[in-house]
Each structure stands twice: as structure tokens, then as C-alpha cells.
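What follows is one structure encoded as C-alpha cells, with my remarks underneath.
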Amino acid sequence: MSASLEHPSGVARATTGGVAIIPLGLTLSLFLSGNFLLCALGGFLPGLENLHFLSALYPALDWTSPALIIAGAAWAFACGWYVALVCGWLYNVFAAPRT
């Protein structure tokens, strides 16, 4: 019993009741990375450098470092794929029609 079928264009398509993992992973990853970048770049706005969420979570880190911003965006991208793989697979398992 398969949760997805191979579409002729090479993109995995969900069967009835399932979710396509690749579009879900890309969507979540880009969304989380974009939000991280917006939050990190908010630290460069005058008056907000000490008020944004990242400095509240990690007060000892310098969020103006380009290396930390890139590493955080990469980590957010990876977290999006993790959530898509785990939650998408679980959804496809539990939403599969019972025979």
C-alpha cells in the first residue's frame, strides 16, 4: 500500500486522502527560513535591535553576524523538511483508506 504515486512529470502526487511530501517540505522550509530571515533582519532596524525575538531567546549571541544568520536560516530550512517528512508521513499513514 503506497501513500503516493509517481506522476509522469516526476513529481510525487498524493493518492486519495494523502499529502505530497515534496511540496509540503519545500513550502514549510521556505516559510520557516523566510520568517527567520525577517526576524534576524529586524535587528538591523533602528530601535528594534534589542527588542526582536532572537535576542530575547539568545541574549549572549551577536545576531548581526552574517555567519549566524546564514546558519539560522539553514537550520530553519532543515526543520521545515523534518516537520514535512514526519508529519506528512504520519498523515499519509493515518489518512490511508482502511481495507
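Quick note: numbers below take in every heavy atom, side chains included, and nothing from hydrogens, waters or symmetry partners.
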Please tabulate, for side-chain N and O atoms in residues 72-86, each donor-acceptor pair with protein atoms closer than 3.5 Å (sequence neighbours left out).
{"from": "W81", "atom 1": "NE1", "to": "S29", "atom 2": "OG", "distance (Å)": "3.4"}

Other than I70, which residues form its hydrophobic cluster under the rule that side-chain heavy atoms must be closer than 4.5 Å?
none
Hydrophobic cluster of L32, others only, ordered by chain and residue number, side-chain cut-off 4.5 Å
F31
To the nearest 0.5 Å, what is the distance between CG on L24 and CG on L28?
4.5 Å
Specify the closest pair of heavy atoms between W89 and I21, including all atoms of both residues, with the distance to one decimal.
N-CD1, 3.7 Å
Pairs satisfying side chain to side chain donor-acceptor pair (under 3.5 Å), at least one member in residues 31-42, at least two apart
none
